[in-house]
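Worksheet: one structure, shown below.
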Amino acid sequence: MSKYPHGEIEKKWQAIWAETGLFRLDTRSARPKYYCLMMFPYPSGELHVGHGRNYIIGDALARFKKMEGYELLAPMGWDAFGLPAENAAIQHDIHPAKWTRDNIAKMKRQFIDWGVVYDWTREVTSCQPEYYKWTQWLFLRLYHAGLAYRKAASVNWCPSCKTVLANEQVIDGQCERCCTPIEERYLEQWFLKITEFADKLLEELDGLKEWPERVITMQRNWIDRSFGVQMEFRIKGTDRSLQCFTTRPDTIYGATFMVVSPEHPEVARLAARSPRQKEIRRAVDQFIADKRSGKARTEPSKEGLFLDAYAENPMTGEDIPIYVAPYVLMEYGTGAIMAVPAHDQRDFEFAQRYHLQIREVIRPADGSSTLPQAAYVGEGLIVNSGPFNGLDSRDAIQSVASEFEARGIGRRTVNYRLRDWLVSRQRYWGAPIPMVHCPSCGVVPVDEKDLPVLLPEVVDFRPRGDGKSPLATNEKFRSVACPKCGGPAERDTDTMDTFVDSSWYFLRYLSPHADEKPFDGELVNRWLPVDQYVGGVEHAILHLLYARFIVKFLHAQGLVGFSEPFARLFTQGMVCKDGVKMSKSKGNVVSPDTLISRLGADTMRLYILFSGPPERDIEWNDESVEGCHRFLNRVWRLFCEHNDVIDQSVTGAIKYDTLSESERVLFRKTHWTIDRMLADIADNFHFNTAISAAMELSNTMTSFAETAAIAPGSNAGKTLRFAFDALIRLLAPMTPHFSEELWRRMGHTGSIFDERMPQPDACYVTRETFDLVIQINSKIRARVCVPAGTAAEDLRQIALSNQRVKELLADKHPQQVIVIPDKLVNIVVR
RNA sequence: GCCGGAGUGGUGAAACUGGUAGACGCAGGGGACUCAAAAUCCCCCGGACCUCUGGUCCGUGUCGGUUCAAAUCCGACCUCCGGCACCA
């Protein structure tokens with residue numbers, strides 16, 4: 001039997017879509033807007049079917065929305081700067097620019113082969129000067145707003161990539177790219193003050209109702225805000241004091257010692273006064289070395305050392321010993337803590353190890369304290385705390401905080417886990433940071449009108465390992481006149497983290513070629529927030545947090561009218577094979593090219609969408625792909641055998657009353673399918689169940705068409721034509737070439753994507769009859785076919801008078817009869 | 001350790017606010033067509049049992065509970081996956 005000529009059809013329609021600009025946006029359209037955005041990819045080379053899934057889900061969604069009547073913005077671009085391009089370029093000895101350009105061409109070709117369509121007139125490429133000019137502009141704006149600053153900081157250094165990494169790029173103490181253990185270095189770096197927006201970033205998460213709950217949770221945990229008190233402890237015998245932060249000021253009377261981080265500046269000063277100076281220094285050096293080697297991360301211990309010094313507990317007036325221990329982190333709070341062993345498990349373990357005093361100051365009302373086996377960290381009644389005795393600990397938090405403030409030795413404050421964003425990279429392939437270092441004026445920003453600061457093409461871009469960017473070797477690039485005094489100065493030779501590039505690209509799509517502004521404020525305000533953002537969960541924290549930050553900044557500057565960029569977020573699952581994520585390095589990739597030449601792009605699309613709900617991971621199965629191909633062939637054959645009937649020119653209105661029973665069944669099945677497929681896709685992009693509904697309809701149509709000869713224009717013919725018409729339109733987002741071709745062969749002249757989705761008629765979405773389930777004591781005992789909508793009382797009577805029910809009930813009397821209309825009757829007997 | 005998510009046939013998965021568990025596929029078994037194969041079409045396909053054109057019982061990770069009725073709700077636990085992890 002004839003197979004449909006997928007190769008020929010697909011090439012034909014791909015050419016037509018490109019020529020007619022299927023998804024070309026008309027910004028002046030009166031139709032409601034829909035901004036459907038895919039996370040723009042890193043141009044890493046050839047894509048496998050695992051990558052393909054992302055784009056196919058997005059494309060199916062875009063086509064669906066178009067057919068729902070929206071004016072669609074579906075752009076695509078390239079996150080083209082970054083480490084992998086450079087690493088690969090070094091390996092293959094070609095320029096990163098060429099490598100990137102070649103990959104982009106390959107990937108574009110693949111999108112076309114898959115039938116994935118974008119408005120390519122809006123393509124943006126982050127490594128092009130016309131784009132990164134505005135990334136630099138963004139940096140300058142941040143700088144002028146005081147949100148970009150330079151700080152000598154202990155940074156994560158990857159000895160293999162020879163660059164600094166952001167905290168976010170360090171996974172388990174290793175580089176996220178090459179898994180080399182991270183070293184710590186102390187360098188001058190550029191930071192963006194994301195912490196300035198920490199509260200907004202946290203609070204506005206509540207408004208993101210259409211984001212996956214887990215992404216919201218991950219962001220919330222990442223920011224991790226805690227309210228507390230920063231307080232001052234005088235160091236005995238000196239005129240200095242230690243600042244520490246606590247969320248539990250209510251436990252102050254239980255603070256029997258203090259602990260400072262090995263990196264705390266006070267450690268050296270205190271050590272200098274100690275007779276054990278050498279011993280202390282050696283131990284502290286060891287702590288720091290362990291931390292840098294990542295050892296401390298894997299085996300947390302409550303090791304520490306007494307510093308031969310005491311502080312005064314400002315509430316009890318007691319002298320309490322000061323220890324140094326690596327469990328206190330320099331990066332959080334003040335790098336020093338008041339230790340309350342009775343009510344903090346870490347302090348408890350430390351106190352046990354060094355036999356320090358453990359004083360209970362909170363007693364739970366129900367006697368549930370875990371002391372003396374473990375710290376009691378819950379709420380309770382304040383004891384052993386002078387004037388605060390008898391208070392509830394929750395109230396005591398406020399009372400003690402107020403007391404500190406009243407005495408001027410503490411203040412209420414907020415701490416975040418979120419750190420400022422380190423954005424400078426000692427790498428070549430990125431947007432140069434538009435700053436100049438002048439011996440007389442200091443750090444001077446480049447003038448906006450002098451942007452872009454062009455990345456020089458010819459540079460020995462291999463990394464050096466001396467903490468400097470390859471750009472530092474380019475004398476021509478480096479030396480520049482100071483924008484302020486005109487004297488000889490040097491450019492900053494670092495480039496920006498690529499997450500800066502990707503934090504604003506979705507604004508650029510509205511005016512991709514504007515060379516006088518980064519984005520068109522008016523268009524952006526009309527088209528954003530993005531209606532649907534689609535991408536992988538791996539960006540749940542980094543990219544999405546940075547993009548939110550930058551939009552909040554632009555909002556604060558009055559440059560955009562919204563403060564959240566993405567109204568709705570969808571994170572799709574991965575494609576696995578043999579139980580693990582499909583990837584080149586695992587050697588389990590399936591090439592889309594071979595699959596397409598054998599079975600066609602529509603089959604690949606259909607399979608990918610059918611094999612599971614899009615938010616979940618799917619396991620690739622070559623055999624199941626065949627099943628999808630068979631389905632398309634069946635539909636094709638159905639058309640070929642009945643094309644005279646299905647031809648659009650023979651249509652006529654269907655009069656339901658004149659239909660035969662089998663025609664009514666098919667007619668209703670069609671309405672049911674329309675209803676279900678539209679709901680499944682609209683609801684959560686559940687293409688998998690939508691496709692199974694399409695298969696059901698196709699099965700019904702096939703058996704309908706086999707029972708009798710069908711004449712064009714007859715009731716049977718009109719009903720079949722109606723069903724086919726609906727099926728083809730409903731399938732179009734999933735199998736676009738296939739649907740376009742059949743649509744054309746039905747006699748239509750335009751594109752199916754200029755059509756609307758069929759709409760269900762509520763009176764026909766249910767079946768005319770249904771099988772009433774009759775249960776006795778919740779066990780199914782009989783089924784009876786009855787008309788839909790039969791009244792509850794009638795259903796009750798049907799059930800009770802059923803022959804089999806009577807037999808089974810015998811002389812027993814129903815105690816209760818539960819009737820669920822259009823479903824079942826449950827007769828309860830005891 | 002804390003915070004999320006998930007456990008359903010041989011397999012991918014369905015099951016809308018509790019109401020027929022396993023739709024729709026894949027694999028498998030049997031048959032038709034064919035010299036044969038491919039393709040296509042038809043039938044069977046969770047388990048156990050019985051007096052086998054039918055019927056009974058069991059079955060959605062485990063154990064309890066609520067309910068006429070639980071994959072679905074509640075409680076405890078087990079396993080897997082993801083995120084965070086000495087955050088004061």
Side-chain angles (χ1 to χ4, degrees), chain A residues 1-3 171-172 212-222 224-226 228 244-248 251 255 259 261 296-297 300-302 325-329 331-340 343-347 349-350 415-419 537-538 540-541 606-607 610-613 615-628 630-631 633-634 637 676 679-680 683 686 688-699 702 706 770-781 783 804 814-830:
Chain A
M1 211 40 204
S2 64
K3 287 190 136 202
I171 312 290
D172 292 334
E213 191 54 43
R214 60 172 172 161
V215 175
I216 303 267
T217 308
M218 281 161 76
Q219 292 221 349
R220 189 167 283 134
N221 292 344
W222 192 262
D224 193 23
R225 176 168 69 182
S226 41
C244 71
F245 172 77
T246 181
T247 55
R248 295 297 301 274
T251 62
V259 188
S261 166
R297 278 183 231 253
S301 77
K302 293 298 169 291
Y327 84 89
V328 173
L329 308 174
E331 307 86 74
Y332 186 78
T334 61
I337 62 159
M338 69 172 206
V340 184
H343 304 293
D344 181 286
Q345 187 57 28
R346 296 154 299 183
D347 297 346
E349 286 165 24
F350 192 82
N415 251 296
Y416 305 89
R417 204 196 79 115
L418 180 73
R419 308 286 144 75
V537 237
E538 66 271 21
I541 300 175
L606 195 68
Y607 169 70
F610 179 57
S611 57
E615 71 277 9
R616 213 139 78 192
D617 291 353
I618 60 169
E619 172 75 24
W620 187 270
N621 180 337
D622 285 318
E623 286 165 332
S624 299
V625 181
E626 306 277 349
C628 290
R630 277 201 283 266
F631 165 69
N633 269 325
R634 271 198 299 273
R637 223 175 310 119
R676 183 154 167 206
D680 283 350
D683 205 46
H686 282 178
N688 56 326
T689 48
I691 292 166
S692 71
M695 288 172 170
E696 280 190 50
L697 176 62
S698 139
N699 291 344
T702 309
E706 273 166 7
F770 72 100
D771 285 337
L772 177 69
V773 169
I774 303 172
Q775 298 179 327
I776 295 174
N777 287 342
S778 309
K779 303 223 185 264
I780 297 164
R781 290 294 178 250
R783 280 168 221 265
R804 201 173 131 65
Q815 202 181 334
Q816 195 184 353
V817 179
I818 287 145
V819 180
I820 308 296
D822 286 352
K823 287 228 164 74
L824 58 74
V825 175
N826 187 13
I827 300 162
V828 186
V829 290
R830 281 283 165 260

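So you know, we letter chains A, B, ... as the sequences are listed, proteins then strands, and number each from 1. Values below: all heavy atoms of this structure, side chains included; hydrogens, waters and symmetry mates excluded. Here the structure is a predicted model, which is why all the values come from computation and not from measurement.
Listed nucleotides: B:C24, B:A21, B:C68. Nearest to the side chain of A:Met695: B:C24. The side chain of A:Ser778 has B:A69 as its nearest neighbour among B:A14, B:A69, B:G12. Nearest to the side chain of A:Arg630, among B:C68, B:U56, B:A27, sits B:A27. Of the candidates B:G19, B:C24, B:A88, B:G19 carries the atom nearest the A:Ile820 side chain, counting heavy atoms from C-beta on. Out of B:A23, B:A14, B:C84, the shortest distance to the side chain of A:Asn688 is found at B:A14. Taking every side-chain heavy atom of A:Gln775 into account, B:G19 is the closest of B:G25, B:C3, B:G19. The side chain of A:Ser624 lies closest to B:C26, out of B:C24, B:C84, B:C26. Of the candidates B:A85, B:U56, B:A88, B:U56 carries the atom nearest the A:Arg804 side chain, counting heavy atoms from C-beta on. Distances were taken from every side-chain heavy atom of A:Val773 (C-beta onward) to each of B:U20, B:A88, B:C24; the shortest belongs to B:U20.
Across the protein-nucleic acid pair, A:Met218 atom CE and B:C81 atom C1' stand 13 Å apart, rounded to whole Å. Atom C1' of nucleotide B:G83 and atom CD of A:Glu213 are separated by 14 Å, given to the nearest angstrom. Regarding A:Trp222, its CH2 atom lies at a distance of 17 Å from the P atom of B:G82, rounded to whole Å. Across the protein-nucleic acid pair, A:Ile818 atom CD1 and B:C68 atom C1' stand 4 Å apart, rounded to whole Å. Separating the CG atom of A:Asn826 from the C1' atom of B:A70 is a distance of 13 Å, rounded to the nearest angstrom. Between A:Asp680 atom CG and B:C16 atom C1' the separation is 10 Å, expressed in whole Å. For the pair A:Arg419 CZ and B:A85 P, the computed distance is 9 Å after rounding to whole Å. In this structure, A:Glu623 places its CD atom 18 Å from P of B:G10, rounding to the nearest Å.
Searching all strands for a Watson-Crick or G-U wobble partner of B:C41 with both distances below 3.5 Å returns B:G31. B:C49 is paired with B:G55 under the Watson-Crick or G-U wobble criterion, all donor-acceptor distances under 3.5 Å. Across all strands shown, B:G7 forms a Watson-Crick or G-U wobble pair with B:C78, both key distances being under 3.5 Å.
At a threshold of 4.0 angstrom between heavy atoms, the contacts of A:Val328 include nucleobase atoms, whether or not backbone atoms are also involved. A:Val828 comes within 4.0 angstrom of the backbone, heavy atoms only, and of no base. Nucleic acid contact for A:Phe631: none, since no nucleic acid atom lies under 4.0 Å from a heavy atom of the residue. Using a 4.0 Å heavy-atom criterion, one finds that A:Arg220 contacts no nucleic acid atom at all. A:Ser226 comes within contact range of the sugar-phosphate backbone alone, with a heavy-atom separation under 4.0 Å but no base atom that close. At a threshold of 4.0 angstrom between heavy atoms, the contacts of A:Arg417 include nucleobase atoms, whether or not backbone atoms are also involved.
Judged by the 6.0 Å distance and 45° axis criteria, A:Lys823 is not positioned over the aromatic ring of A:Phe770.
Using a 4.0 Å cut-off, some side-chain N or O of A:Arg616 falls inside it from OP1 or OP2 of B:A14. Between A:Arg781 and the phosphate of B:U56, there is a side-chain N or O to OP1/OP2 separation shorter than 4.0 Å. Between A:Lys779 and B:C58, a side-chain N or O to OP1/OP2 separation shorter than 4.0 Å is present.
On the C1' atoms, B:G61 is 15 Å away from B:G5, given to the nearest whole Å. Going from the P atom of B:A15 to that of B:G22 covers 13 Å, rounded to whole Å.
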